[in-house]
Novice: 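One structure coming up, written as structure tokens, with questions to follow.
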Amino acid sequence: MSRYAPVVIALCVVASLLSVSVRVHRATATAEPTVTAESRAATLTFAPGVTPNDRAWILAATATARPEAQRLIAEVDGMIEVRTDLNAPGSAYPPGAEQAIGLTHMVGDHAIIALDVRELDGERAIDRNIVVLHELGHVVDFVLADDALVGQLDAGIPAAGTCNGPSDGVGACTAIPERFADTFAKWALRGRFSLAGSGYGIPTPPSLEDWGMPLSRLAAELDVKSRG
């Protein structure tokens, strides 16, 4: 997991009808996120500004994930605070966030997921599940997936052509962490996602079941450890 900085930001950005994700590295890696017994026993925390209705659909989106994905999320969700103030008037997020519908910001062992409920309670309501699971996938990646696992999983995602630009774009130029989060969400939802999806324009593996087998094994290993 040395490819990550201790401060990591991932943006799901609206571009036309699609959402695009951008990762920004802010510092040199000095430590890896650590799941403690306390955080493992905890669950998602919601900021005071999250309304009961928004809290309900965020939890419902998480509950739509397949059991193996829910097990991975359960391992890290005690480290996460969810906010719904992305793009709210006066919110202070990094450049580019004004076009985002989801952002994951991780500092040390604490993660913040911010969502734009103006979009997700409006025209993008159909994309709630995949946006939430995409952002949760980033935390699974940051905390649980090492370089070897991410490399293995990325190799199973078909190429979308040749990239002739920066690796923080869409299609063939989608950065590897975004390819992981995008496909994690598709796998978690068993392929049930809207036409826009997460908006990266990357192909879905021929078999999401085969692609996700390493993640299923990781979930099973976590269960064994928890019983030990």
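Numbering starts at 1 and runs along the sequence shown.
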Novice: Any carboxylate oxygen within less than 4.0 angstrom of a Lys/Arg side-chain nitrogen, looking at Glu221 and Arg217?
Specialist: no
Novice: Which distance, rounded to the nearest 0.5 Å, do you find between the CG of Leu120 and the CG of Leu115?
Specialist: 6.0 Å
Novice: Report whether Val150 and Met213 are members of the same hydrophobic cluster (ILVMFWY, side-chain heavy atoms less than 4.5 Å apart, transitive linking).
Specialist: no
Novice: How many angstroms lie between CD in Glu135 and OG1 in Thr62, if you round to the nearest 0.5 Å?
Specialist: 11.5 Å
Novice: For the backbone of Asn87 and the side chain of Asp116, can you confirm whether one donor and one acceptor N or O come within less than 3.5 Å of each other?
Specialist: no
Novice: Do the side chains of Asp182 and Arg179 get close enough for a salt bridge, i.e. N-O under 4.0 angstrom?
Specialist: no
Novice: Where do Asp223 and Arg71 land on the side chain to side chain contact (heavy atoms under 4.5 Å, CB included) test, with the steps shown first?
Specialist: CA-CA 8 Å; Asp223 278 336; Arg71 178 62 187 89; 2.7 Å; yes
Novice: Between Leu144 and Val76, is a side chain to side chain contact (heavy atoms under 4.5 Å, CB included) present by the stated rule, with each step listed?
Specialist: CA-CA 8 Å; Leu144 299 180; Val76 301; 3.8 Å; yes
Novice: Drop me the distance from Leu44's CG to Ile58's CD1, to the nearest 0.5 angstrom.
Specialist: 8.5 Å
Novice: Do the side chains of Glu81 and Arg83 get close enough for a salt bridge, i.e. N-O under 4.0 angstrom?
Specialist: yes
Novice: Any side-chain heavy-atom pair from Asp154 and Phe180 closer than 4.5 angstrom?
Specialist: no
Novice: So, the side chain of Asp85 versus the backbone of Ala88: is there a donor-acceptor pair under 3.5 Å, distance only?
Specialist: no
Novice: Thinking salt bridges, do Glu209 and Arg66 make one under a 4.0 Å N-O criterion?
Specialist: yes
Novice: Considering all heavy atoms of both residues, which atom of His138 and which atom of Pro177 are nearest to each other, and what is their separation?
Specialist: CE1-O, 3.7 Å
Novice: Would you say the side chain of Val82 lies within less than 4.5 Å of the side chain of Thr45, judging by non-hydrogen atoms?
Specialist: no
Novice: From Leu136 CG over to Asp77 CG, what is the distance, rounded to the nearest 0.5 angstrom?
Specialist: 8.0 Å
Novice: Any side-chain heavy atom of Val143 within less than 4.5 Å of one from Met106?
Specialist: yes
Novice: Quick one: does Thr183's side chain get under 4.5 Å of Pro205's, heavy atoms only?
Specialist: yes
Novice: So Leu103 and Leu86, side chain to side chain contact (heavy atoms under 4.5 Å, CB included) or not? Walk me through it.
Specialist: CA-CA 8 Å; Leu103 176 151; Leu86 185 60; 4.2 Å; yes
Novice: Contact between Asp109 and Ser39 at the side-chain level, heavy atoms closer than 4.5 Å - yes or no?
Specialist: no
Novice: Testing the basics here: between Ile202 and Lys186, what is the closest heavy-atom pair and its distance to 0.1 Å?
Specialist: O-NZ, 3.2 Å
Novice: Could you check Trp57 against Asn129 for side chain to side chain donor-acceptor pair (under 3.5 Å), going step by step and ending with a plain yes or no?
Specialist: CA-CA 9 Å; Trp57 68 251; Asn129 292 353; over 6 Å; no
Novice: Can you name the closest pair of heavy atoms from Ala181 and Gly137 and give their distance?
Specialist: CB-C, 4.5 Å
Novice: Shortest non-hydrogen contact from Ala69 to Ala188?
Specialist: CB-CB, 3.7 Å
Novice: How long is the span from the OG1 atom in Thr43 to the CD1 atom in Ile73, to the nearest 0.5 Å?
Specialist: 10.5 Å
Novice: In terms of the angle between their ring planes, are Phe184 and Trp187 parallel, tilted or perpendicular, with boundaries placed at 30° and 60°?
Specialist: tilted
Novice: Just do the side chain to side chain contact (heavy atoms under 4.5 Å, CB included) check on Asp146 and Leu149 with the steps written out, would you?
Specialist: CA-CA 5 Å; Asp146 60 20; Leu149 177 56; 3.3 Å; yes
Novice: With side chains defined as the heavy atoms from C-beta onward, is the minimum distance between Thr162 and Asn164 less than 4.5 Å?
Specialist: yes
Novice: With sequence neighbours excluded, what pairs up with Arg190 under the side-chain hydrogen bond (donor to acceptor under 3.5 Å, both in side chains) test?
Specialist: none
Novice: Decide yes or no for Ile80 and Phe46: does some side-chain heavy atom of the first lie under 4.5 Å from some side-chain heavy atom of the second?
Specialist: no
Novice: Indicate whether the side chain of Asp54 and that of Thr84 have a donor and an acceptor atom separated by less than 3.5 Å.
Specialist: no
Novice: Give a yes or no on whether Leu208 and Leu218 share a hydrophobic cluster (residues Ile, Leu, Val, Met, Phe, Trp, Tyr; joining criterion: side-chain heavy atoms under 4.5 Å apart).
Specialist: yes
Novice: Would you call Asp121 and Arg128 a salt bridge, using N to O less than 4.0 angstrom?
Specialist: yes
Novice: Transitively linked via ILVMFWY side-chain contacts under 4.5 Å: Ile112 with Val35?
Specialist: no
Novice: Can you tell me how far CZ of Arg40 sits from NZ of Lys225, rounded to the nearest 0.5 angstrom?
Specialist: 9.0 Å
